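Chain identifiers are assigned alphabetically (A, B, ...) following the order of the sequence lines, protein sequences preceding nucleic acid strands; residue numbering begins at 1 within each chain. Quick caveat: nothing in here was measured; it's all calculated off a predicted structure.
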Protein chains: 2
Amino acid sequence: MTRERPGNPVALDPATRAVLADFSCRASEDAGTLQDCPVRNVLDRVGDKWSLLILITLSQRPFRFAALQREVGDISKRMLTQSLRMLERDGLVARQVFPTKPPAVEYSLTALGESALTPVAALVSWAAGAHDQIRDARHLFDAATP
Amino acid sequence: MTRERPGNPVALDPATRAVLADFSCRASEDAGTLQDCPVRNVLDRVGDKWSLLILITLSQRPFRFAALQREVGDISKRMLTQSLRMLERDGLVARQVFPTKPPAVEYSLTALGESALTPVAALVSWAAGAHDQIRDARHLFDAATP
DNA sequence: TCCTGCGGTCTACATCCGAGACTATATTCC
DNA sequence: GGAATATAGTCTCGGATGTAGACCGCAGGA
């Protein structure tokens, strides 16, 4: 029984594969470098569950805090605040305070934030297309494991 | 100062924007539909922190359990097991058991899993490019908030 | 006057996650 | 022969993390 075979036959764009192969911030070298890994750093933000949703919502237009919470739907104020701070820190979202009587705060995407929309849209697009297959796979899996 | 303005002037591919606009599974309608939202369902998997890393690792070649853990580097057995189960359930990863004396288990990407690599690679590519700006933004932000 | 909306913060409670111990079998080393 | 190691996980415990909801000060509307 051979182990770690070359893999199943697939046709994947070599350039795409190369991009992924380049991402070598794994167990290589010492653990310290894991923290500095560019992809990991950024992917941690994406893997925030809420960050992605916020980015997508803000892609339509700027929102004020309460409106943003209503639009996303099921996010707590706490997590909305926290996620927005992180996105602001990373320069993806801009926070602008208007000195009206009850101060109004508007959140919008920066140019960098906008640039993230392209790959995010690719992901969303794939998700929409794959959803049926995933749903079927889940039912199959759940039926097989009582 | 007008509120909820049309947005800052940006040049984003209209098709890209349309994809995101289409994703309207937010607070619209009742909360029940949130659970069935295709994008949310799939994005939850992406937002798993480890799922994405596992997918990227498996894009190189199939791995056995322990080898996969070593390759990813800082994932616990617990989360590796859990994430792999979810990915298997969603039909992105295939689990094959070889009945050797200590059973060998090999994990590999399915066709569906391979198809996810294209948008994931786009994301990784963007992350690599944006990393410098993000790092600078973080330093700026941290310096401004003592 | 009371109530609502604004942008948050704070506090309890619940859930999740990581580290490490533990299983059982087979091979390797001394 | 006996100890050590590797295999693929499972289990448990303590700490981190997330959620729901109360609360705050201020302003406008009924």
Side-chain angles (χ1 to χ4, degrees), chain A residues 1-5 26-27 31 34-35 40 43-54 57-58 62-89 93-108 141 145, chain B residues 1-4 26-27 31 34-35 40 43-54 57-58 62-89 93-108 145:
Chain A
M1 183 57 62
T2 65
R3 300 171 168 186
E4 253 106 60
R5 303 156 302 148
R26 285 180 290 266
L34 280 177
Q35 310 312 321
R40 257 169 127 107
L43 253 46
D44 269 6
R45 195 94 353 270
V46 169
D48 223 11
K49 179 180 182 183
W50 297 120
S51 296
L52 215 44
L53 247 26
I54 291 172
T57 303
L58 287 181
F63 276 89
R64 290 177 55 185
F65 187 87
L68 189 51
Q69 189 185 13
R70 277 191 300 268
E71 185 73 7
V72 172
D74 55 348
I75 184 174
S76 64
K77 291 180 171 205
R78 184 168 132 73
M79 287 316 292
L80 182 55
T81 303
Q82 201 169 96
S83 302
L84 282 172
R85 286 286 176 282
M86 285 295 103
L87 289 171
E88 190 194 353
R89 186 169 103 102
V93 160
R95 178 176 185 270
Q96 191 178 7
V97 182
F98 298 97
T100 53
K101 292 319 155 352
V105 180
E106 190 179 83
Y107 293 93
S108 56
F141 186 91
T145 52
Chain B
M1 184 54 66
T2 64
R3 301 173 169 185
E4 254 103 61
R26 285 180 291 267
L34 279 177
Q35 311 311 323
R40 256 167 125 111
L43 252 46
D44 268 6
R45 196 94 355 269
V46 169
D48 224 11
K49 179 180 183 182
W50 297 119
S51 296
L52 215 44
L53 247 25
I54 292 173
T57 303
L58 288 181
F63 275 90
R64 290 177 55 185
F65 188 86
L68 189 50
Q69 188 185 14
R70 277 190 299 268
E71 186 72 9
V72 172
D74 56 348
I75 184 173
S76 63
K77 291 178 173 211
R78 188 188 194 288
M79 288 317 292
L80 182 55
T81 302
Q82 201 170 95
S83 302
L84 283 171
R85 286 286 175 283
M86 286 294 104
L87 289 171
E88 189 193 354
R89 185 169 104 103
V93 159
R95 178 176 184 272
Q96 192 179 5
V97 182
F98 299 97
T100 51
K101 287 318 156 337
V105 180
E106 189 178 83
Y107 293 93
S108 56
T145 52

Residue [X], side-chain atoms from C-beta onward, closest of [options]:
X: Arg70(B); options: dT7(D), dT19(D), dG8(C); result: dT7(D)
X: Met79(A); options: dG9(D), dG18(D), dG8(C); result: dG18(D)
X: Ser76(A); options: dG7(C), dT19(D), dG9(D); result: dT19(D)
X: Lys77(B); options: dA21(C), dA26(C), dG8(C); result: dA21(C)

**Item:** For Ser51(A), the option from Leu84(A), Asp44(A), Leu87(A) that meets side-chain contact (heavy atoms from CB on, under 4.5 Å)
**Value:**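 So the option named by the test is Leu87(A).
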Spacing of [X] atom [atom1] relative to [N] atom [atom2], expressed in whole Å:
X: Gln69(B); N: dA6(D); atom1: CD; atom2: P; result: 13 Å
X: Phe65(A); N: dG5(C); atom1: CZ; atom2: P; result: 15 Å
X: Phe98(B); N: dT7(D); atom1: CZ; atom2: P; result: 15 Å
X: Leu84(A); N: dG7(C); atom1: CG; atom2: C1'; result: 11 Å
X: Arg78(B); N: dC13(D); atom1: CZ; atom2: P; result: 13 Å
X: Gln82(B); N: dT15(C); atom1: CD; atom2: P; result: 15 Å
X: Met86(A); N: dT17(D); atom1: CE; atom2: C1'; result: 14 Å
X: Ile75(B); N: dA19(C); atom1: CD1; atom2: P; result: 11 Å

**Request:** Compare side-chain N and O positions of Arg64(A) against OP1 and OP2 of dG7(C) and report whether any pair is under 4.0 Å apart.
**Result:**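 Checking dG7(C) against Arg64(A), a side-chain N or O does come within under 4.0 Å of OP1 or OP2.
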**Message:** Please tell me if Trp50(B) has a side-chain N or O lying less than 4.0 Å from either OP1 or OP2 of dC16(C).
**Reply:**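 For dC16(C), neither OP1 nor OP2 has a side-chain N or O of Trp50(B) closer than 4.0 Å.
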Are side-chain heavy atoms of [X] and [Y] found at a separation under 4.5 Å?
X: Leu80(A); Y: Trp50(A); value: no
X: Arg95(A); Y: Val97(A); value: yes
X: Met79(A); Y: Val72(A); value: no

**Request:** Indicate yes or no for a side-chain donor-acceptor contact from Gln69(B) to the backbone of Ile75(B) under 3.5 Å, with no hydrogens or angles considered.
**Result:**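 Side chain of Gln69(B) to backbone of Ile75(B): a pair is present.
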